[in-house]
Amino acid sequence: MTTIAPDARMAGVARTYPPRAAVVSWIFFDWAAQPYFTLITTFVFAPYFATAIAPNPAAGQSLWGFAMAAAGLAIALLSPVLGAIADASGRRKPWIAGFGTVLVLASCTLWIGKPGDHAVIPLVLTAVALASVGAEFATLFNNAMMPTLVPPERIGRLSGTGWATGYIGGIVSLIIVLGLLAANPETGRTLLGVTPLFGLDPLTRQGDRAAGPLTALWFIIFVTPMFLFTPDYPAKRPLGEALREGLSELKQSIKSLPRQKSLAAFLLANMIYTDGLVSLFAFGGIYAAGTFGWHTIQIGTFGIMLAIAGALGAWFGGKLDDRLGPKRVIAGSLLVLLLSVAAILLVDKDSVLFVKTAPPQAGAALFSSTAERAYLVLGCLIGAAGGPLQAASRTLLIHLAPEDRIAQYFGLFALTGKVTSFIGPLLIGLVTALTASQKAGMAVLVVFFVAGLGLLMRVRD
């Protein structure tokens, strides 16, 4: 497909975009990477760690928060530097391959996390942090390939389709784990009522632990088309020269931010609301496990519903993005998140919005209590808003950043998405530890969404 890009029209230069197979292969990166976020950090391994490996759920939530904080700090410090080097060197795929390898190896390590084995906690948390670093950096360089794939007027749809595809991948991987691998320790049966495949032992929670190796295998299989069919940027200069030039350009870009008020305001807003969103997803399953006593099957079923809502939200949000602009999509998503989180804080196992309800009963059907159903509805609203928020955010960055430094600005984008990302988990961990209350820890997220929405109002799209 050949078209005239906006920055090329003045010079009358035609810009050529790759065929559909290259675009579809790029989209499948989101499918390949999503199980890390779905299976490990949200719905399977994180709640399993908090309820089965850690001494108690509150301690598990706190320890998990500290590990995510450490990973977030490392990502924040390195993202803009690596992005600048990638822009100067020209290549994206070698970086994706390198950090993808970190993700694969660290995810496989999670298999060692046996129930009640406190001795493995440091190694498990280290592996989780490294996997997070690998997933985030691989995603950074994958995002930086977007401007060369489709014309500018279709960036929003591409971004939304990628996020929606990722959510669907998360759903499929979650169904595999819940339906075929992870079983209830009491019944020995999975969500589909069958015994776990490969002889996985329910008593030692091997189905939950298998989420790590499955994430690694899934990534290897589904990221391969991107390496085969999606064209990379051409190489510009050797790594050493790229390092010097990239750091110099990064320094200039940071110095110029005060003169680019909209871009600076957006990066600051992204820093705050992304911290809130990531923390919300990271602790949502843990919070449900502690509040309602949910196990892997309940949390995973909730995750499937949330991911379906996220896929629909991201797909529809991509269309709204191209029609209304990414800023409006982000603002609407933040409002939904803010109201949903505030409502979740008023849901307990025996009450909804201060109204007493019957608590969940042992042996009852899934989500049979009023409080559980309310949590499901609010969770789906969060999923439906989280998808378009993230997709529209990377679209807005492409609208605001100079194309010749796109990886560098995606590095700054990742920096602002991670430079304070340790604050959300850290605050949740500290408040939870000090109060021994998961609800008090989650309450800090309201501030993040309010502040992010206020700063977004200063951005001119």
Please confirm whether the backbone N or O of Q206 pairs with a side-chain atom of D201, one donor and one acceptor, at under 3.5 Å?
no
Begin from the C-alpha positions of W315 and K319 and carry the test side-chain contact (heavy atoms from CB on, under 4.5 Å) through to its verdict.
CA-CA 7 Å; W315 176 79; K319 290 182 175 294; 3.1 Å; yes
Show the nearest heavy-atom pair for residues S159 and M146, with the distance to one decimal.
CB-CE, 3.7 Å
Using atom types as modelled and distance alone, determine if a side-chain donor or acceptor of S107 lies under 3.5 Å from a backbone N or O of V104.
no
Y36: partners by ring-ring contact (aromatic ring centres under 6.0 Å, His included), with sequence neighbours left out:
none
Look at the side chain of K93 and the backbone N and O of T230, then say whether any donor-acceptor pair between them is shorter than 3.5 Å.
yes
Please work out which of the three classes, parallel, tilted or perpendicular, describes the rings of W31 and W218, given edges at 30° and 60°.
parallel
Any side-chain donor-acceptor pair under 3.5 Å between S333 and Y273?
no
Within the 4.5 Å heavy-atom criterion, are F448 and L277 side-chain neighbours or not?
no
Measure from the side-chain N and O atoms of T215 to the backbone N and O of A211, and report whether any donor-acceptor pair falls under 3.5 Å.
yes
Side-chain donor or acceptor of Q34 paired with backbone N/O of Y167 under 3.5 Å
no
Report the C-alpha separation of L345 and V446 in whole Å, then their side-chain angles, then the decisive distance to 0.1 Å, and conclude whether the side-chain contact (heavy atoms from CB on, under 4.5 Å) test is met.
CA-CA 10 Å; L345 296 175; V446 172; 4.1 Å; yes
Partners of D30 by salt bridge (charged side-chain N to carboxylate O under 4.0 Å, His left out), sequence neighbours excluded?
R394
Flag side-chain contact, heavy atom, 4.5 Å: V124 against F45
yes
Could you check L178, L214, L110 and say which one makes a side-chain contact (heavy atoms from CB on, under 4.5 Å) with L39?
L214
Give a yes or no on whether the backbone of A183 and the side-chain of T187 come within a donor-acceptor separation of less than 3.5 Å.
no
Is there side-chain contact between L337 and I382, with at least one heavy-atom pair below 4.5 Å?
yes
Could you tell me whether the side chain of T148 and the main chain of M145 form a donor-acceptor pair under 3.5 Å?
yes
Got a sec, which residues hit side chain to side chain contact (heavy atoms under 4.5 Å, CB included) with P213, two or more places apart in sequence or on another chain?
W111
Residues D208, R205: salt bridge by 4.0 Å N-O rule
yes
Look at atom CZ of F316 and say whether more than 12 heavy atoms of other residues, nucleotides or ligands are closer to it than 6.0 Å.
no
If we ignore hydrogens and angles and just use 3.5 Å, is the side chain of T190 paired with the main-chain N or O of A182 as donor and acceptor?
no
Non-hydrogen side-chain atoms of E136 and F99 separated by less than 4.5 Å:
no
Okay, side chain of Y48, backbone of G113: is any donor-acceptor separation there less than 3.5 Å?
yes
